[in-house]
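Residue numbers start from 1 in every chain, and the chains themselves are labelled A, B, ... in the order their sequence lines are given, proteins ahead of strands. This one's a predicted model, so the numbers in the text were calculated from it and none came from an experiment.
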There are 2 protein chains.
Amino acid sequence: MNYKILLVDDENDILEFLSYNLEKEGFIVSTAINGKLAIQLAKKFKPDLIILDVMMPEMDGINTCTEIRKIPELENILILFLTARSEEYSELAGFDAGADDYVTKPIKPKLLISRINALLKRNKISEKVNNMLIGDIQIDKEKHLVLYKNEEIHLARKEFNLLYFLMSVPGKVFTREDIITEIWKDTFVGDRTIDVHIRKIREKTNNHHIKTVKGVGYKFDI
Amino acid sequence: MNYKILLVDDENDILEFLSYNLEKEGFIVSTAINGKLAIQLAKKFKPDLIILDVMMPEMDGINTCTEIRKIPELENILILFLTARSEEYSELAGFDAGADDYVTKPIKPKLLISRINALLKRNKISEKVNNMLIGDIQIDKEKHLVLYKNEEIHLARKEFNLLYFLMSVPGKVFTREDIITEIWKDTFVGDRTIDVHIRKIREKTNNHHIKTVKGVGYKFDI
DNA sequence: AGTATACTTAACAATTCATTAACATAGAGG
DNA sequence: CCTCTATGTTAATGAATTGTTAAGTATACT
């Protein structure tokens, strides 16, 4: 999974420098030049982690952090501070404001990334559970479990992933290309492979639910 | 609860200075003047956190840290490094060696305590319940005890940790990668090692409970 | 040091899964 | 109603994954 990071700093140079380094590591980066914009952006971008410079004009990092913690949808986002070496006070105040960690300037990319990964790893517990109940089919990704009319049915890995994918947007028709991209990534498989997997799922769910849209693809229907 | 801290530094002045400040905060402090003594003491004292000076003669902080992480009963203890300002390398190497945080010298007691509390707080969240009763299996981490149908069964350490890990989220499928990360950290083990441990557990619990999800991993099921 | 216990690995067996080929069927459009 | 194409079905193959055993290493204990 690619984590999203929101960078907040009033200096463009730093934003660019950090963006470059973080993107190189596979993070999806968004940036803001002040606290207010950061909060607005955070609501839409829904980052996993916010990196805040402590020293910023108008609303400084600490105030921004305090504000973020007040917003219900953002209160659990990880926050990491960037502080200047001498700002002893900031470090303390930062933790009080709800920071999860801080890194001192000058920033060493490797160290920063090490810290970010440590934070994200610790936070992983809060990952979502993906559980869906649609009609008489219930699917639980974490438990790799499918219930059909409250009876457990066994699906092999590919079958499971395929059903899960189709159920992710019930009623939407997914083309064969969509399916191949999602389930097979860039492995090449023959023409009938999908059909066979579809057939196996249908067999196990009494031929309900999965419908063929000829010339287009397949969809999951209630 | 009063947390226990093991202080490790070769300079007596620092030990005294920090002891004083930490005890004032209610921590129970023990000290060691080198890495070897630290490890011996840690086994008996069972601290919640070890504070290690990076720069020490003979075995430095990083080596001590690496050694500590190798000892099963100590591998989960929090470790905080003390580094001189300029030791950029130490910071990186320290995280690699398994440190949880670091503080630069000169040490400001307030900041150190703030960091310690942050670490302990973070760690508390991830603390697991020590005693679980699921179906006919009861497991107690502290006592390292497993009851199957009310009969005590003996599991070796790896077996115990593996069962405990799987039981921590019943029904959830853990990938082999998950399992290796949790049980073996970054030791490399062969493909069949997990299977063998699983087999041993199954043998001792009559083949119930642990299910294989082929291509995905293993799960604990009632 | 010597013994017991635990851990890991190699070698092989067993199982399950994914894919394909070959053929069958369905349905749209002429 | 015929043809063409897309999809359905079945069974076989072999690839991938996991299970099992026994023996070799490592570690802990006395």
Kindly state which residues belonging to residues 197-211 of chain B come within less than 4.0 angstrom of DNA chain D, counting heavy atoms of the residue only, listed by number. B:Arg199, B:Arg202
Taking 4.0 Å as the cut-off, does a side-chain nitrogen or oxygen of B:Thr193 come that near to OP1 or OP2 on C:dC7? no
Heavy-atom count around B:Ile33 CD1 within 6.0 Å, excluding the residue itself: above 12? no
Under 3.5 Å: donor-acceptor pair, side chain of B:Asp60, backbone of B:Asn63: yes
Rounded to whole angstrom units, what separation is found between the CD atom of B:Glu159 and the P atom of C:dT5? 14 Å
Applying ring-ring contact (aromatic ring centres under 6.0 Å, His included), name anything that partners B:Phe174, two or more places apart in sequence or on another chain. B:Phe165
How many whole angstroms separate atom CG of B:Asp195 from atom C1' of C:dT15? 13 Å
Rounded to whole Å, please give me the gap between CD1 in A:Ile194 and P in D:dA6. 14 Å
Could you list the residues that satisfy side chain to side chain contact (heavy atoms under 4.5 Å, CB included) with A:Lys149, not counting sequence neighbours? A:Asp136
Walk along nucleotides 25-30 of chain C from 5' to 3' and tag each nucleotide B, S or - by protein heavy-atom contact under 4.0 Å, base first, then sugar-phosphate. -BS---
The nucleotide from C:dC7, C:dT19, D:dT7 with an atom nearest the side chain of A:Tyr218 is D:dT7
Separation of C:dA21 P from A:Arg192 CZ (nearest whole Å): 11 Å
Salt bridge check, B:Asp101 against A:Arg115: does any charged N sit closer than 4.0 Å to a carboxylate O? yes
List the residues meeting side chain to side chain contact (heavy atoms under 4.5 Å, CB included) with B:Tyr20, not counting sequence neighbours, and say none if there are none. B:Lys24
Contacts table for residues 181-189 of chain A: side-chain donor-acceptor under 3.5 angstrom, sequence neighbours left out:
| residue | atom | partner | partner atom | Å |
| --- | --- | --- | --- | --- |
| A:Thr181 | OG1 | A:Glu177 | O | 2.7 |
| A:Lys185 | NZ | A:Glu182 | O | 3.3 |
| A:Thr187 | OG1 | A:Trp184 | O | 2.9 |

Closest to the A:Val196 side chain: C:dA10, D:dG8, D:dT10? D:dT10
Respond yes when some side-chain nitrogen or oxygen of B:Trp184 is under 4.0 Å from OP1 or OP2 of C:dC7, and no when none is. no
Measure the shortest side-chain to side-chain distance between A:Lys43 and A:Leu74 over non-hydrogen atoms and say whether it is less than 4.5 angstrom. yes
